[in-house]
Amino acid sequence: MESHSVFSHIFVGVKDFDRALAFYKPVMQAIGAQLRFVDAKRPWAGWQSQPEPRPLFLIGSPHDHQAHSAGNGQMVAFLAKDRATVDHVHRLALSLGVVSEGMPGLRPEYHANYYGAYLRDPEGNKLCFACHDAQP
């Protein structure tokens, strides 16, 4: 059976595009997502998955031109290739000045091999980086 993602794209609103872009560029590179475009006039930017071009992860000003606000109970979770990547991305994000919402570690309440870390991006959006593989 052919694998198929249920997501076309995920869009996260931001107030300060330059600040958000400075955060997301190194973080997305660290998890292996390729920068697909940056349009500072709109403003928005997008990264594509590998090896398929979708789903896309996008940041930008809200389409309705209203103020961005982080949603309570909303989170974007990125798949990491291994636990070391989760650790690395969390350290990288903290070095970029964001707030941790949960240090890297096993979360057996989700499942036995769930290894994740949580943080808030510069705009207050909650992010997760997770690996689901059994590893030492």
Side-chain angles (χ1 to χ4, degrees):
M1 183 173 175
E2 183 179 320
S3 172
H4 177 74
S5 174
V6 297
F7 296 104
S8 167
H9 57 279
I10 297 168
F11 186 95
V12 171
V14 299
K15 288 181 266 195
D16 185 334
F17 178 73
D18 293 333
R19 179 178 70 171
L21 186 62
F23 169 78
Y24 279 106
K25 271 187 168 182
V27 168
M28 297 305 287
Q29 181 179 359
I31 64 167
Q34 179 183 346
L35 182 63
R36 184 163 169 178
F37 67 88
V38 174
D39 181 354
K41 288 183 232 153
R42 187 168 180 170
W44 69 329
W47 290 262
Q48 67 185 47
S49 301
Q50 296 295 330
E52 301 299 322
R54 292 203 181 264
L56 293 176
F57 176 72
L58 307 157
I59 62 167
S61 294
H63 184 72
D64 65 4
H65 304 289
Q66 301 299 310
H68 161 269
S69 61
N72 183 34
Q74 298 173 4
M75 176 176 63
V76 176
F78 295 96
L79 185 61
K81 66 180 177 178
D82 53 35
R83 293 177 185 182
T85 300
V86 173
D87 295 342
H88 172 70
V89 171
H90 191 262
R91 279 191 312 273
L92 173 64
L94 294 180
S95 77
L96 295 169
V98 300
V99 176
S100 178
E101 289 276 323
M103 298 298 290
L106 287 169
R107 305 293 198 286
E109 64 273 26
Y110 301 140
H111 67 74
N113 297 318
Y114 186 100
Y115 188 89
Y118 301 85
L119 52 94
R120 297 275 175 177
D121 77 2
E123 301 283 337
N125 298 301
K126 190 168 184 180
L127 305 177
C128 171
F129 297 89
C131 175
H132 298 278
D133 297 336
Q135 297 179 15

Within a strict 4.5 Å, meaning less than it, do heavy atoms of the V27 and F129 side chains meet?
yes

For F17 versus G60, what's the shortest heavy-atom pair and its separation?
CD1-CA, 4.5 Å

Return the CZ to CZ distance between F23 and R120, rounded to the nearest 0.5 Å.
12.0 Å

Value rounded to 0.5 Å, distance of CG in D133 from CG in L79:
8.0 Å

Please find the pair of heavy atoms, one from G124 and one from A70, that lie closest to each other, and give the distance.
O-CB, 3.3 Å

Quick one: are S8 and L56 in side-chain contact, heavy atoms under 4.5 Å?
no

Nearest heavy atoms of G13 and N125, plus distance in Å:
O-ND2, 3.2 Å

Is there side-chain contact between P55 and I10, with heavy atoms separated by less than 4.5 Å?
no

For Q29, does the CD atom sit with more than 12 other heavy atoms under 6.0 Å from it, leaving out its own atoms?
no

R54 side chain to E52 main-chain N or O, any donor-acceptor pair under 3.5 Å?
no

Member of I59, D16, V98 meeting the side chain to side chain contact (heavy atoms under 4.5 Å, CB included) criterion with E123
D16

Is any side-chain heavy atom of Y118 less than 4.5 Å from a side-chain heavy atom of M75?
yes

Less than 4.5 Å apart, side chain to side chain, heavy atoms only: is that true for R19 and V14?
no

Taking the hydrophobic residues Ile, Leu, Val, Met, Phe, Trp and Tyr, and joining any pair whose side-chain heavy atoms are under 4.5 Å apart, which ones share a cluster with L106?
V86, Y115

Let me confirm one number: the CE-CG distance from M28 to L21, rounded to the nearest 0.5 Å.
11.5 Å

Can you say whether the rings of W47 and F57 are parallel (under 30°), tilted (30 to 60°) or perpendicular (over 60°)?
tilted

K126 vs Q74 side-chain heavy atoms within contact, under 4.5 Å
no

For residues R83 and P104, determine if any side-chain heavy atom of one lies less than 4.5 Å from a side-chain heavy atom of the other.
no

Hey, could you give me the CD/CD1 distance between Q50 and I31, rounded to the nearest 0.5 Å?
11.0 Å

Taking the six-membered ring for Trp, are H132 and Y114 closer than 6.0 Å centroid to centroid?
yes

Treat each ILVMFWY residue as a node, draw an edge where side-chain heavy atoms are under 4.5 Å apart, and state whether W44 and V76 are in one component.
no

When every non-hydrogen atom of L58 is compared with those of G46, the smallest separation belongs to CD2-CA, 3.6 Å

Approximate separation, where rounding is to 0.5 Å, of Y24 OH and L127 CG:
4.0 Å

Would you say R42 and H63 make side-chain contact, with heavy atoms under 4.5 Å?
yes

Just verifying a value: how many Å separate L94 CG and L96 CG, rounded to the nearest 0.5 Å?
9.0 Å

L92 and A30 have their tightest heavy-atom pair at CD2-CB, 3.9 Å

Determine the minimum heavy-atom distance between H90 and G102, stating which atoms define it.
NE2-O, 3.6 Å

